[in-house]
Amino acid sequence: MNFDRIREKLNILADAAKYDVSCASSGSDRSNQKKGLGNASKMGICHTYTADGRCVSLLKILLTNHCIFDCAYCVTRKSNDVPRAAFKVQEVVDLTINFYRRNYIEGLFLSSGIFKSPDHTMERLVAVAKKLREEENFNGYIHLKSIPGASDELMYEAGLYADRLSVNIEVPTVSGLKLLAPDKKHEDFTKPMEKVKNEIIRYSAEQKIIKSTPKYAPAGQSTQMIVGASGESDKDIMYSATYYYKTFNMKRVYYSGYVPVTHDSRLPAIGSQVPMLRENRLYQTDWLLRFYDFSVGELLNNQHPNLDMDVDPKLSWALRNLHHFPVDVNAADKRLLARIPGIGMQSVHKILKARKFRKLNWDHLKKIGVALNRAQYFMVCDSRLWERRDMDAEKIKGMILQSSSGKFRNQYSAQLSLFNQQ
Amino acid sequence: MNVSTTLVYDGSFNGFLTSVFVTFDEKIKVADIQKNNRSQNGLFSEIETVFTNVEKAKRVWNGIRNKSYNAISNVYFAFLSEKDGVEMMLYTYIQKLMRIKNGKHLDYSDSTILYIAQLAKKVGREKHRMEAFVRFQLTKDEIYFANIEPDFDVLPLISKHFRDRYADQKWLIYDVKRKYGIYYDLNHVEMVSLDLKDIHHNRTLKSDAFTEAEHEYQTLWNDYFKSTNIASRINPKLHKQHVPKRYWKYLSEKKEAV
Ligand code: SF4
């Protein structure tokens, strides 16, 4: 191994890969086979955290940052004047194995600029994964990027070796895509997604009949959208996220506050702030849709095309829908409990358990971990004191903001810990 | 007068379970259950030394497990916290557990039950941290070696994880604080007690004990870690919350920061 050369490549190709925020290594359950190396645990492990608090669980690199395309939002675009490099297939394999053996990582996340053609690029990515699985008997996590425009055959092969596949849609609206990535067509993104989705369905059907059916992309597909690059509304973003969840059975949609990397009149200038709070609100919304049984139209619609920045989306929904409250904590069903601001899913389960023994009062709820400073206005419990009385939404909001000013300074970290739970 | 008894056991988990067995079996009124190296005389209690008996321990283990799987892991995890006085808390916990029909219906508003559950959770968190923060360094005799210094005695808990994952390499994880390690020889994991003089923090300097490539891979990892940062998003407070400072000296990516 030529250490200095590898070092140089790694610096270039890791740097170019960092804007892809997905670092999940969860959702797969590959066990160690034939006394080989590694396994992929259902939960995934963060081996360290970046200085901005994001989980590091995978070696996330590009195979190359040479690219024939010129997408405006991307550091790797061909018109950008940056140093270029390319790994050989074997070099990526060696790095992955050696990092993995030292317990630095859960596996590999390999993406790439598009050199020559989409198929040419995809073929190399597949070659890395195949080598890891077949020559190194590696059972750790592999996430491959599906290159937009890659053929069905290659996408099929990719799923045989990878745990997860993803195509980043990046721009949430078709019109934005035309503006910012004129070389790419919407179908270039959706075709590989469609193929992978169908194979996953086929394989899992076969698995039910024949146990020994090999795995096909067991951790499913994900995608990413950049936030704040093309003037889209939160409604645009979340409706399009919902579309990808439904149409392609996405496991995750990631939202990435746009980090300006270029001087381009179509985009926010370098130095403009990364919309992190907005990103946070989108993740919270995503969470509510997936785990709290909200539908997207309840949270965002033509009257409310954008999320509130000063309060979280659940509180914001509750304030617009005071007629559903107060909810009786000792009687309400699970779905309704989960809609009370300040009560998370964990608390919901604890409440359901604890109220079998006794009627719960404020004290019990506090012990359980309910954020009473928010919840108190929306619920009644075994106590005659309850707080909302005749306050209107504005007043409640004011009270809550006042009482949680300390917390709000931490909302950025709240988002990240949410983000890391996956 | 009904005198209460202080039970003294050898400090092992089986020893503790044997003590619990003894109290039930002999209907003893317990003043305290103490590790032999930490025992103190109570003024008004008798002392009884408990000899660890695997059979008896097993009966208690099974008794708890039959009530609830969750409870048995809570008991084991909380025990490994090595917290002062944890034995009596566990003893009360087990008594309460035995009184109910189905272990699923533990009352979490009870303070002992809550305490044990929370303690077990802390130990569980430390277990996960160690699974994440172990950094192996390859020695010249081809053993992947790591030092750790966990807050709780978690080596017994992480052994399975590493055995399952690193089935084709020899490895040794050494607990600097408790002076013992777990060693995998490609077939079994065994506990080894050894007193290492040199603590191998991840050093910026090359060390003779390790292979040439070891230093290079640490450098590459270190570079990689640096390049993952997005400057405009930096948040040191959050970073420290995830990777508490006391672990830094064992993490190769943090070696320059120590
Ligand atoms: S094709 Fe991919 S790598 Fe190339 S410029 Fe567009 S987004 Fe960047």
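Only this structure's heavy atoms are used, side chains among them; waters, hydrogens and symmetry mates stay out. The chains referred to below are lettered A, B, ... by the order of the sequence lines, with proteins before strands, and numbering in each begins at 1. All values reported here derive from a predicted model rather than from experimental measurement.
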A:Asp382: which residues meet the salt bridge (Lys or Arg N to Asp or Glu O under 4.0 Å) condition with it, sequence neighbours left out? none
Partners meeting salt bridge (Lys or Arg N to Asp or Glu O under 4.0 Å) with A:Glu136 (sequence neighbours left out): none
Relative to chain B, which segment of [X] carries a heavy atom at a distance below 4.5 Å: side chain, backbone, both, or neither?
X: A:Ala354; result: neither
X: A:Leu59; result: both
X: A:Arg101; result: both
X: A:Lys35; result: both

For chain A, which of [options] has the most heavy-atom pairs under 4.5 Å?
options: B:Asp168, B:Leu114, B:Val134; answer: B:Asp168
options: B:Phe225, B:Tyr224, B:Tyr144; answer: B:Tyr224
options: B:Trp221, B:Phe162, B:Phe133; answer: B:Trp221

Pick from A:Arg358, A:Lys367, A:Lys34: which one has the most heavy-atom pairs with chain B under 4.5 Å? A:Arg358
Contact winner vs chain B - A:Asn139, A:Asp15, A:Asn98, A:Asn137, heavy-atom pairs under 4.5 Å: A:Asn98
Please check if any side-chain donor atom of [X] sits under 3.5 Å from a side-chain acceptor atom of [Y], or the reverse.
X: A:Asn103; Y: B:Tyr166; value: yes
X: A:Asn65; Y: A:Arg84; value: no
X: B:Ser68; Y: B:Asn70; value: no

Nearest 0.5 angstrom please: A:Tyr49 OH to A:His47 NE2, how far? 10.0 Å
Considering only heavy atoms, which portion of B:Asn187 lies under 4.5 Å from any heavy atom of chain A: side chain, backbone, both, or neither? both
Charged N to carboxylate O below 4.0 Å: is that the case for A:Asp163 and A:Arg133? yes
